[in-house]
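Proteins come first, then strands; the chains are lettered A, B, ... in the order of their sequence lines, and each starts at number 1.
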There are 2 protein chains.
Amino acid sequence: MSAIGPSTRRPTRQRSAVVESLGAVADFVSAQDLHARMRAGGNAIGLATVYRTLAALAADGVLDVLRTADGEAVYRRCSTHHHHHLVCEVCGRAVEIEVPFLEDWAETVGGEHGFWNVRHTVEVVGTCTNCQTGKP
Amino acid sequence: MSAIGPSTRRPTRQRSAVVESLGAVADFVSAQDLHARMRAGGNAIGLATVYRTLAALAADGVLDVLRTADGEAVYRRCSTHHHHHLVCEVCGRAVEIEVPFLEDWAETVGGEHGFWNVRHTVEVVGTCTNCQTGKP
DNA sequence: GCGGAAATGAGAATCATTGTCAACTCGGAT
DNA sequence: ATCCGAGTTGACAATGATTCTCATTTCCGC
Ligand SMILES: [Zn+2]
Ligand SMILES: [Zn+2]
Ligand SMILES: [Zn+2]
Ligand SMILES: [Zn+2]
């Protein structure tokens with residue numbers, strides 16, 4: 001939650017493998033999914049390690065995290081600057097978007113209500129062009 | 001997902017009990033939590049029913065749903081008009097807020113990327129005044 | 001090289017959520 | 001009032017993501 005620095009975090013084979021594997025995926029993947037992909041690609045790594053590593057990377061701000069409708073956490077390597085996502089509900093394709101005015105506004109409205117350390121999440125979801133076809 | 005109408009939905013003791021119990025809670029509660037409260041209050045109801053009812057009410061737009069950091073779904077009876085929330089990460093206190101400009105913006109940015117049926121979620125989280133005290 | 005802290009991994013444990021299915025209840029038609 | 005069929009319920013089992021445990025291994029500074 002707070003900005004606790006990664007006081008001690010060692011580079012390991014698994015850690016870089018996770019980062020690299022993430023780079024090979026265009027959209028958001030779950031820990032389970034990534035683990036399966038890595039195993040399939042001959043990359044030996046434990047499931048628990050994938051979970052721990054993804055959580056650590058997300059805590060370090062290297063990854064973006066969001067939750068699917070059924071509560072599953074999904075991760076994606078992202079550009080470093082603060083941004084948000086436009087996600088297709090059908091195929092999961094995601095586009096990075098920005099909401100300039102919101103950044104200040106969130107801070108302001110939080111302050112107005114006496115809140116500190118204000119953060120925000122914004123997700124815009126819909127159906128992308130590719131997924132329009134078979135819809136009544 | 002799709003806008004399937006509640007073709008047949010019968011009023012039952014349990015359904016109204018859930019709605020009433022929700023009214024007695026100020027902030028967001030999980031299905032588990034609500035079920036426990038109802039049982040404790042001498043209100044006999046099955047856990048599965050609480051889950052089903054909350055999901056149904058949320059689908060009908062009677063409830064607001066959001067997810068805690070660890071992925072648990074929490075519900076709250078809400079005013080009918082579209083709005084968002086400012087939630088305390090520590091105690092869970094929630095305030096309804098509005099983001100007028102965002103509504104149009106979401107629609108617009110979705111359209112620009114070829115997305116249809118665009119919806120959005122916005123959550124602002126922080127630490128409320130009451131929860132500031134014991135913090136370094 | 002050594003020692004200890006950090007990291008790993010296999011499996012068990014946790015826990016929210018969903019599925020199952022027989023029994024029950026509501027509402028409309030008879 | 002009675003009957004019928006679909007919606008609803010609830011106890012319990014099953015699922016599935018995430019976390020925990022702990023013995024073993026790896027990394028880093030000395
Ligand atoms: Zn799509
Ligand atoms: Zn932002
Ligand atoms: Zn608080
Ligand atoms: Zn809105």
- Contact summary for B:E107 and B:V118, nearest pair of heavy atoms: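 Taking every non-hydrogen atom into account, OE1-O, 4.0 Å.
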
- Per the atom types in the model, does the base of C:dG9 pair as donor or acceptor with the side chain of A:R52 at under 3.5 Å?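 By the distance-only test, yes, there is a pair.
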
- Message: So B:Q14, base contact, sugar-phosphate only, or nothing? Heavy-atom distance under 4.0 Å.
- Response: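 It contacts sugar-phosphate atoms only.
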
- Summary of protein contacts for nucleotides 25-30 of chain C, nucleotide by nucleotide, where a base hit scores B, a sugar-phosphate-only hit scores S (4.0 Å, heavy atoms): BBS---

Spacing between [X] atom [atom1] and [N] atom [atom2], to the nearest angstrom:
| X | N | atom1 | atom2 | answer |
| --- | --- | --- | --- | --- |
| A:D70 | C:dG19 | CG | C1' | 15 Å |
| A:L54 | D:dA17 | CG | C1' | 13 Å |
| A:D33 | D:dG16 | CG | P | 15 Å |
| B:H35 | D:dA11 | NE2 | C1' | 10 Å |
| A:L47 | C:dA7 | CG | P | 18 Å |

- Which is it for A:D64 and A:Y75 under the side chain to side chain contact (heavy atoms under 4.5 Å, CB included) test, yes or no, and what are the steps along the way? CA-CA 6 Å; A:D64 264 0; A:Y75 303 81; over 6 Å; no

- Determine, stepwise, if the pair B:S30 / B:E72 fulfils side chain to side chain donor-acceptor pair (under 3.5 Å). CA-CA 7 Å; B:S30 66; B:E72 193 179 10; 3.3 Å; yes

- Keeping to residues at least two apart or across chains, list the salt bridge (Lys or Arg N to Asp or Glu O under 4.0 Å) pairs with something in residues 11-22 of chain B. none

- Give every residue pair that meets the salt bridge (Lys or Arg N to Asp or Glu O under 4.0 Å) criterion with at least one member in residues 32-51 of chain B, sequence neighbours excluded. B:D33-B:R37

- Item | Pairs meeting criterion ring-ring contact (aromatic ring centres under 6.0 Å, His included) with involvement of residues 10-43 of chain A, two or more places apart |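 Residue pairs passing ring-ring contact (aromatic ring centres under 6.0 Å, His included), neighbours aside: A:F28-A:H85.
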
- Message: If you compare every side-chain N and O of B:Y51 against the phosphate oxygens of C:dT18 (OP1, OP2), does one of them come in below 4.0 Å?
- Response: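 No, B:Y51 has no side-chain N/O under 4.0 Å of OP1/OP2 on C:dT18.
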
- Of B:V50 and A:E72, whose nearest nucleotide on DNA chain D comes first from the 5' end?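 Its nearest nucleotide being more 5', the pick is B:V50.
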
- Choosing from C:dG9, C:dA10, D:dA17, which nucleotide comes nearest the side chain of A:R39?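 Nucleotide nearest to A:R39's side chain: C:dA10.
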
- Message: Quiz question: by atom type and distance under 3.5 Å, do the side chains of A:H84 and A:E98 form a donor-acceptor pair?
- Response: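 On atom types as modelled, these side chains do not qualify, holding no pair under 3.5 Å.
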
Kindly list each side-chain donor-acceptor pair under 3.5 angstrom involving residues 41-58 of chain A, sequence neighbours excluded, with atom names and distances?
unit_1: A:Y51; atom_1: OH; unit_2: A:Q32; atom_2: NE2; d: 3.0
unit_1: A:T53; atom_1: OG1; unit_2: A:T49; atom_2: O; d: 2.7

- Item | Difference in axis direction between the ends of the helix from C:dG1-D:dC30 to C:dT30-D:dA1, five pairs, 10° | 30°

